[in-house]
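What follows is a set of notes on a single structure, which appears directly below.
Reckoned from all heavy atoms, side chains included, excluding hydrogens, waters and symmetry mates. Letters A, B, ... mirror the listed sequences (proteins, then strands); counts begin at 1. What you see is a predicted model; the values in this text were computed from it and never measured.
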Protein chains: 2
Amino acid sequence: MADIRDVAQRAGCSIATVSRALNSPQLVRPETLARVQAAAAELKFRPNALGRQLRGERTGLIGVMLPTLGNPVFADCLEGIEAAIDGTGHRLLLVTTQYDPERERNAIETLLQQRVDGLLLTLADAEHSALVDDLSAEGVACQLVYNDAPLRPCVSVDNRAAAAQGVAMLIEAGHRDIVMVTGALHASDRAKRRYLGYGDAMRAAGLTPLPAFEIDFNSGARGERVREWLAQRERDGARPTALFCSNDLLALGVMRALREAGLRVPDDISVLGFDGLAVGELLSPTLATVVQPSVDIGRHAAQRLLAQIDGRAGAVGAVGAASAAGMRDAALGQALILPHEIRRGGTVAAPPRRAAVRG
Amino acid sequence: MADIRDVAQRAGCSIATVSRALNSPQLVRPETLARVQAAAAELKFRPNALGRQLRGERTGLIGVMLPTLGNPVFADCLEGIEAAIDGTGHRLLLVTTQYDPERERNAIETLLQQRVDGLLLTLADAEHSALVDDLSAEGVACQLVYNDAPLRPCVSVDNRAAAAQGVAMLIEAGHRDIVMVTGALHASDRAKRRYLGYGDAMRAAGLTPLPAFEIDFNSGARGERVREWLAQRERDGARPTALFCSNDLLALGVMRALREAGLRVPDDISVLGFDGLAVGELLSPTLATVVQPSVDIGRHAAQRLLAQIDGRAGAVGAVGAASAAGMRDAALGQALILPHEIRRGGTVAAPPRRAAVRG
DNA sequence: CTGAAAGCGCTAACAA
DNA sequence: TTGTTAGCGCTTTCAG
C-alpha cells in the first residue's frame, strides 16, 4: 500500500507538500497540486486515517453505545444519529450492551481507547451510574440518549409526565384497575420513571397505584408468565381492565400472550404501550401508545454532541470570558426534553362491564 | 492524558516494559508487573489504540455497511454480527447508505482509510458492482451480506428459490392472478432475484408471469399509489387475488393501503411477504412470509470474515503448499447459502369467488 | 510556495 | 527479564 512518501517521490516533492495538497489545496501551487493528485491516483494512494488521528487533535470518531438493536426504538435512534453526522466527516463506532452494566463499562473504555471525539450513550441506569460523572470529570464530550436525568447532558422525553398522560387517558376511558407491566424494573431508569408517572396519574384520579408486574425480558417463557399471572388475578377476582406496558415491544408480547389466553384486546382488556414504534400503527387493532420521537432524539443528541465537540475546540484559550461558546456549553450540559405525544389506538377501549364478576 | 512514558517513569522502568506488562504479562517479573499496574492505575493510564494500530498489523476494526437500520431485517443482521464478534476484541465501524451507490463507494473508501481489518457489506447490486472485484483485487477481506452472488464471498438465502417456493404456496392455495410488488427493482439485486423466482413458480404452474408493480420506497404517497393501481386493475377486470411483496416492510405498507382502500386481507386479497420479520407474527392476521434467518446471516458473515482475516495472517509465508488455511479460504470466497423457510400466515387464504365479475 | 524535521503513542526487534 | 531504538503514516511548525 502506497504511503505519503511514495506519493511525494513520484510527484517530485516533499511529503509536507503532499499533505498540504491533500488537506489544504489552496496552499499549493496549482501545478504542484496537479502533480500530487496524479501521483496519488496512479499509486492508488489511500491516506491512512490512523496516522492523521494519532498526530492530530481529533479522530472524527463518535462512540455510540446502545442496549440492543433488536428493539426498533434504538435502531430508529441510530438512524437519527446517522442523519445528523452525515456530511460532517464523522464516523460511528457502535457497541451494544444488552442492558448489562459490566458491558457498559467495558464498552465505554474501549471507545475511549480508540480516542473517539465524543460519546452517545444509553445507559441502563443513568442516575445511579458513576460512569457519567467520571466522564464529565475527565472532560469527555458526552450526551445521554433516552435516559432522562435532569442534571445531566441528555436528550429524552419526560418519561414520567408522558407515562402519566398515557395512564390518564386510560382512566378517562373508564379504567380503574390498571396495572403497569415492565421488564426488570431495576434494569432501566426509564421504566422506573414511567412507573412513577403511572403512580402520579392513578393518585391524581383518586386511585391506588398497584405494584408493577415485572416480566424478565430475556426469558423465553414470557407468554407463559403472563398467562399464569392473569389466571392468578382472575382467581382473586381482580383482573385488571387495562395494562400499561413500559414499552411497545413488551406490549406486543403481552398482547400475543393475551390472545393465546383467549382474551380479546380491547374488548376484554385494554393495552397501552410506550415508544411509538411504527409497526404499532400497522397492527389491527392499532397499538395505543405514548410516542417518543426516537429519530429526533438521536438526531438532537448527535447535534448537541457535535456542538459540544466544536465548542471544546473553540474554547481553547478563551478562558477569560463567558463566551457564546461557553453559554452554549452550559445548555449542552443539561437535559433536552423533547415533546411526546399520545397516540390513540384500537387497543384501548372502555372497560368491559363485569357487574356479575364483581357482585 | 497520561501516556506510556509517564507510566514507565512512575513505575521506574522503560516504556518497553510497560508495553510488555500490558500485553504479555507473563514476560515480566511479577514484581515489575505489579509496579507497572499500580502506576498505570494511579495515572489512570488509558492505552491509545491509535498508536498500537498504526504500529501493528491489524486494527481490530470491522467495517459494516448496510442500506438502512429502518428495516429490522438489517438491524437483526447487525445483532448477529455483534454476537459473532463479541469477545473477539473486534469493534464495529458502522455506515448506512440508504441504497445509494455513491454513498456505497464513499463509505467503503472511508472504512478502508480507517484501516479496518475487513468489510461486511450489503450492496444495492452486488452483481454489477465493480467494487467487490476491486476489493478482492486489493486483497481486502470482505463478505457480502444478503446479496446472493453465486461467485462472490457472501452469506444469504437463495432468493430465487425461496421466492419461487413462496409463490408456489400461493398457487397451491388456488391463486392464479398473482402480482409481485417491489421497491425500485433496479436498486436491489435481491428484489430482482425474487422476481425471477416468482416467474419460475408461475411458469412451473403453467401461468404467465405478470410485470412487477414497482413502488418507490422513498415516496411518502405509497398508499395512494397502491390504491390508484388497484382501481386501474379493477377497471380492467384484472384485479389480482394475491400480492407477493418483495419484503415484509413493503407488505406491511401495502396491507395498510389495502385496508384503507376497503379491501380485506385475506378475504378479498392475499398477501405474502419476504424476510420473516418478527413483527409479522404479532399482526393479526399474521403475515405469511418467506423467512430468511437474518441474525444467522449476520452471525455467519461475521464468522467467515474473522476466519478470513485470521487465515490471511496465518497464510503469510505459507506460499508453497495448499495449506488447510488455503482450503478454508477457498470456501470463504464462495457463497454460503443459508436455508430459508416458508411461514404460513393468516394473510394468505384461498382466492375469493368472483364468477360474477369474470362472467 | 515548499522542505526539513520533530514528533503523536505504541510495538518489536535486538542487545544486554 | 529489561532497555534501547527504530519506526508505523501523518501533520505541522519553522525556515527558506
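You won't find any donor-acceptor pair under 3.5 Å spanning the side chain of B:R115 and the base of D:dG9, going by distance alone.
Map B:T32 and B:G56 each onto its nearest nucleotide of DNA chain D; the residue landing nearer the 5' end is B:T32. Comparing B:L54 and B:A16, the nucleotide of DNA chain D nearest to each residue sits closer to the 5' end for B:A16.
Set against D:dT5, C:dG9, C:dG3, the side chain of A:T17 has C:dG3 as its closest nucleotide. The side chain of B:N48 approaches C:dG9 more closely than any other nucleotide in the set D:dG9, C:dG9, D:dG3. Taking every side-chain heavy atom of B:V28 into account, D:dT2 is the closest of D:dT2, D:dT13, D:dG9. Each of C:dC10, D:dT4, C:dA4 was ranked by its minimum atom distance to the side chain of B:R52; first place goes to C:dC10. Of all nucleotides listed (C:dC10, C:dG3, C:dC8), C:dC10 comes nearest to the side chain of B:I4.
Side-chain contact of A:Q113 with B:R46: a donor-acceptor pair under 3.5 Å is absent, judged by distance alone. No side-chain N or O of A:E79 forms a donor-acceptor pair with one of B:T96 less than 3.5 Å apart.
Applying the 4.0 Å criterion to OP1 and OP2 of D:dT4, one finds that B:S14 has every side-chain N and O outside that range. Dashed line: the shortest gap from a side-chain N or O of A:R5 to OP1 or OP2 of D:dG9 is not under 4.0 Å. When the side-chain nitrogen and oxygen atoms of A:R29 are compared with OP1 and OP2 of C:dT2, one or more of them lie within a distance under 4.0 Å.
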Check against side-chain contact (heavy atoms from CB on, under 4.5 Å), A:Q53 and A:R115: CA-CA 9 Å; A:Q53 290 164 351; A:R115 297 305 190 259; over 6 Å; no
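Per the geometry, CG belonging to A:D3 stands 10 Å off C1' belonging to D:dC8, to the nearest Å. Atom CG of B:L112 is separated from atom P of D:dG9 by 15 Å (rounded to the nearest Å). Nucleotide C:dG9 holds its C1' atom 15 Å from the CG atom of B:L43, rounded to whole Å. For B:E57 and C:dA13, the CD to C1' distance is 16 Å, given to the nearest whole Å. The distance from atom CZ of A:R20 to atom P of C:dA4 is 11 Å, rounded to the nearest whole Å. Counting to the nearest Å, the P atom of D:dT13 and the CD1 atom of A:I15 are 15 Å from each other. Going from atom CD of A:Q53 over to atom C1' of C:dG7 covers 17 Å, rounded to whole Å. The CG-C1' distance, from B:L27 to D:dG3, rounds to 14 Å in whole Å.
Residues satisfying the side chain to side chain contact (heavy atoms under 4.5 Å, CB included) criterion with A:S294, sequence neighbours excluded, are A:V73, A:D76, A:Y146, A:Q292.
A:L50 comes within 4.0 angstrom of nothing in the nucleic acid, heavy atoms only.
Of all non-hydrogen atoms in A:R299 and A:A84, the two that sit nearest each other are O-CB, 3.6 Å.
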